[in-house]
Amino acid sequence: QVCVRVRPVLPSEEYTGTQTIISVEGNSCVLVDPTAFGAAAAVARDSGQTLDINAWARHFTFDHCFWSANIEDPHYSGQNEVYKFIGARALEQAWQGYNCTILAYGQTGSGKSYSMMGLEPVHRSQVRTEDGLIPRICESLFAEIAEATRCDGGGDGAELSFGVEVSYLEIYNEQVRDLFGPQAAPGRAPPTLRVREDP
């Protein structure tokens with residue numbers, strides 16, 4: 001599945017007067033070019049006509065769209081909503097024996113790290129409402145393992161055991177890095193992984 005998440009406008013973008021040109025309608029992201037629409041609207045206004053903004057809108061449909069641009073909006077999707085739709089479903093599929101991958105894709109500053117990892121609370125006593133997909137999936141995974149181990153009553157003398165393996169990769173400028181791997185010495189480029197292609 002392919003999902004899109006619309007992040008809030010950054011302070012630096014607000015400072016430069018950046019306009020929001022995207023909205024979410026169900027499973028579609030709607031984009032309007034404000035420059036083109038503004039010029040056409042000015043011409044229409046001068047001639048006494050009205051212009052339908054929908055004629056200038058482009059709709060892009062995905063499996064799901066998360067509107068996270070304004071926390072006060074009733075349609076706001078926070079970290080928990082993203083986890084329920086993506087993380088919980090992936091975990092359920094993993095328990096059924098399928099290999100699951102969650103890939104966050106986007107330009108720098110688009111919110112990939114926030115969606116995947118979230119934010120650390122300022123104080124340890126705070127509720128972790130800003131946790132991203134990875135911490136939530138891990139917490140649910142190990143809670144389910146603990147529950148399955150506690151409830152194991154097969155009676156055949158065999159113990160139920162689980163093995164968990166985790167990879168955490170970053171792909172940037174066509175370079176693949178293992179984020180759990182050895183770190184580079186100060187001033188040196190981080191080590192990258194070899195990419196092999198099947199013929």
Could you tell me the separation between the [atom1] atom of [X] and the [atom2] atom of [Y], rounded to the nearest 0.5 Å?
X    : Y    : atom1 : atom2 : answer
R5   : S110 : CZ    : OG    : 11.0 Å
S140 : Y83  : OG    : OH    : 3.0 Å
F60  : I22  : CZ    : CD1   : 9.0 Å
I71  : S77  : CD1   : OG    : 11.5 Å
I145 : R150 : CD1   : CZ    : 14.5 Å
L119 : T129 : CG    : OG1   : 9.0 Å

Distance-minimising heavy-atom pair for [X] and [Y]:
X    : Y    : value
A94  : C100 : N-SG, 3.6 Å
C29  : V4   : SG-CG1, 3.7 Å
G132 : P135 : O-CD, 3.3 Å
I171 : V176 : CG1-CG2, 4.1 Å
L160 : A148 : CD2-O, 3.7 Å
L133 : G87  : CD2-N, 3.7 Å

Between [X] (side chain only) and [Y] (backbone N and O only), is there a donor and an acceptor less than 3.5 Å apart?
X    : Y    : answer
D73  : H75  : yes
E81  : G78  : yes
D63  : C3   : no
T61  : S28  : no
K112 : A104 : no
R136 : D131 : yes
Q79  : Y114 : yes

Can you hop from [X] to [Y] via hydrophobic side chains spaced under 4.5 Å?
X    : Y    : value
F62  : V32  : no
I86  : Y98  : no
L103 : M117 : no
I21  : F66  : no
F142 : L91  : yes

Reference residue M116; test side-chain contact (heavy atoms from CB on, under 4.5 Å); the match among V82, I137, I134:
I134

Surrounding [atom1] of [X] (heavy atoms of other residues, nucleotides or ligands, distance under 6.0 Å), is the total greater than 12?
X    : atom1 : result
L179 : CG    : yes
E139 : CD    : no
Q1   : CD    : yes

Could you tabulate the donor-acceptor pairs under 3.5 Å formed by side-chain atoms of residues 9-16, not counting sequence neighbours?
residue	atom	partner	partner atom	Å
E13	OE1	R7	NH1	3.1
E13	OE1	L10	N	2.8
E13	OE2	R7	NH2	2.9
T16	OG1	S12	O	3.4
T16	OG1	E13	O	3.0
T16	OG1	T18	OG1	3.2

Using the six-membered ring wherever Trp is involved, compare the ring planes of Y168 and F180 and label them parallel, tilted or perpendicular (cut-offs 30° and 60°).
tilted

